[in-house]
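For reference, the structure discussed in these notes is given below.
Letters go in sequence order (proteins before strands), and every chain restarts at 1. Please read all numbers here as calculations on a predicted model, not as lab measurements.
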Amino acid sequence: MYSSLVRIQNTFGFFTTVAFVVAAFIAASDFVTPRAPVVNVLKTTNLQVVRGRPHYYSSKKEEYAIIKFTLDADLSSLFTWNTKQLFVYITAEWPSTSVSGTTLPSNVTSNQAVIWDTIITSPSADHLANIGPIALKKLRKSAAGKPIDPSRGKITLKNQRPKYQITHPSGKIAETEDVTLRLHYNVQPWVGVLTWNQNADYGLWNALGGGLSKKFNLPALKKKDEGKKAKA
Amino acid sequence: MAEQLLEQVRDVVDGQIDFEGQRLAELIANVALSVSGIIAFLVGFYLQDIKLAVWIALGGTILTFIVVVPPWPFFNRNPVKWLPVGGSAPRVQPVNLVLEEKITI
């Protein structure tokens, strides 16, 4: 520590140690914060299967399922000081045996496809949200002066259109049986490990309550003339 | 004249401090950084505000740098007392000579 340069080096060196230790404590503070996410309602409201092409120039025709749903979930307990953002997504799941006439490997026993997702940022991460300047201003205003905003974890969607229309590697999805919707989440912290929805309680973190819809069957393919009739 | 000026600049950049000052500087740096880290965590946890925690930690670190890095006067309170150069006693070269003679014999 005899000259300025040596003092700069020593101080910075210890600063990195302190920063690492504080970060470790912040990551550990997640484990003493209870989590009790719950899904009150998750149900389908409208089911439709249509024929379409995977992209504009494709000559291949596939069946696409459009699953509209209603969701009421309270994920507010997932928002702590260490939460950067929360990724919430809904998958449709069905056993692979129920699809007739497919040639899938025998070890594939179930299918899962994402139909809808969203990113919920914490107020400390609003600047990372991939939205326009006006929407960003609105978002910032909604949590002005609040370091965390658990109310953002309350999701209410009514008859929501899916973001993604799903199909199956075989191209056939109409009349699939025993389909369920499942809500998943992924907590992305500022420092620490990524965590997903759990099926069992771990310490203070409770398993996701609800989150699974009733089983339903996908309808038959919508007939072309029916579509014309509907348009007319 | 230019060399004198250069020498002064070199002294300021070097910022040398005495041995007691070095001990004190190390103590201040370690304690101040640790304390600012602890305060940052506790305040951030109780107010649930991670940005505040980061700013407290960074602010504490900058303060530590300001206190520790420049050669403040309180780091030079115990200068090393060197023996006088030359002084009244003549150079004691003869002693060496005698030793050498003894060895050669």
Side-chain angles (χ1 to χ4, degrees), chain A residues 1-34 76-85 121-128 140 143-153 187-192, chain B residues 9-72 74-76 78-80:
Chain A
M1 303 286 264
Y2 71 98
S3 76
S4 292
L5 191 64
V6 174
R7 288 196 292 276
I8 289 172
Q9 287 177 333
N10 272 349
T11 312
F12 185 77
F14 191 62
F15 160 72
T16 57
T17 306
V18 170
F20 183 84
V21 171
V22 171
F25 271 90
I26 291 172
S29 76
D30 277 355
F31 297 105
V32 297
T33 315
S76 51
S77 65
L78 303 176
F79 284 88
T80 68
W81 72 318
N82 193 21
T83 307
K84 182 165 72 182
Q85 57 188 21
T121 54
S122 180
S124 57
D126 277 348
H127 59 285
L128 299 173
R140 281 181 192 279
K146 277 186 273 185
I148 57 168
D149 189 1
S151 66
R152 287 185 185 180
V187 182
Q188 303 179 7
W190 281 108
V191 281
Chain B
V9 169
R10 209 173 286 151
D11 272 355
V12 170
V13 173
D14 258 10
Q16 295 202 358
I17 56 178
D18 64 43
F19 292 120
E20 284 302 316
Q22 291 174 33
R23 191 205 304 276
L24 185 66
E26 186 154 1
L27 185 75
I28 290 173
N30 289 355
V31 169
L33 285 175
S34 306
V35 166
S36 67
I38 291 165
I39 290 174
F41 176 81
L42 291 179
V43 171
F45 186 72
Y46 283 114
L47 298 180
Q48 290 285 295
D49 191 343
I50 199 151
K51 273 188 179 170
L52 186 67
V54 170
W55 287 123
I56 289 172
L58 284 183
T61 306
I62 288 165
L63 267 179
T64 312
F65 268 90
I66 291 170
V67 170
V68 166
V69 171
W72 298 112
F74 58 85
F75 287 138
N76 275 318
N78 303 293
V80 178

Query raised in the report: Which residue out of A/T80, A/T11, A/L5, A/V22 racks up the most heavy-atom pairs below 4.5 Å with chain B?
Result: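 The answer is A/T11.
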Report task. Specify which of B/L33, B/I28, B/L52, B/V12 makes the most heavy-atom pairs with chain A at under 4.5 Å. Result ->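 It is B/L33.
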Report task. Name the member of B/P70, B/G44, B/A53, B/G60 that forms the most heavy-atom pairs with chain A at distances under 4.5 Å. Result ->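 Among B/P70, B/G44, B/A53, B/G60, the one with the most close pairs to chain A is B/G44.
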Query raised in the report: Do any N or O atoms from the side chain of A/Q9 and from the backbone of A/V6 form a donor-acceptor pair under 3.5 angstrom?
Result: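 No, the answer is negative, given that no donor and acceptor are paired below the 3.5 Å cut-off.
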Query raised in the report: Should A/D126 and A/T121 be marked as a side-chain hydrogen bond (donor to acceptor under 3.5 Å, both in side chains) after you check the CA-CA gap, both sets of side-chain angles, and the distance that decides it?
Result: CA-CA 6 Å; A/D126 277 348; A/T121 54; 2.9 Å; yes
So what's closer than 4.5 Å to chain A heavy atoms on [X]: side chain, backbone, both or neither?
| X | answer |
| --- | --- |
| B/L58 | side chain |
| B/S34 | both |
| B/D18 | neither |

Answer whether the closest heavy-atom distance between the side chains of [X] and [Y] falls below 4.5 Å.
| X | Y | value |
| --- | --- | --- |
| A/S151 | A/S76 | no |
| B/F45 | A/V32 | yes |
| A/W190 | B/V54 | no |

Report task. Kindly say whether the aromatic ring centers of A/W81 and B/F41 come within a distance under 6.0 Å. Result ->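 Between B/F41 and A/W81, which both carry aromatic rings, the centre distance is below 6.0 Å.
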Query raised in the report: Under a 4.5 Å heavy-atom cut-off, does chain B meet the side chain of A/N82, its backbone, both or neither?
Result: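 Answer is both: backbone and side chain atoms of A/N82 are under 4.5 Å from chain B.
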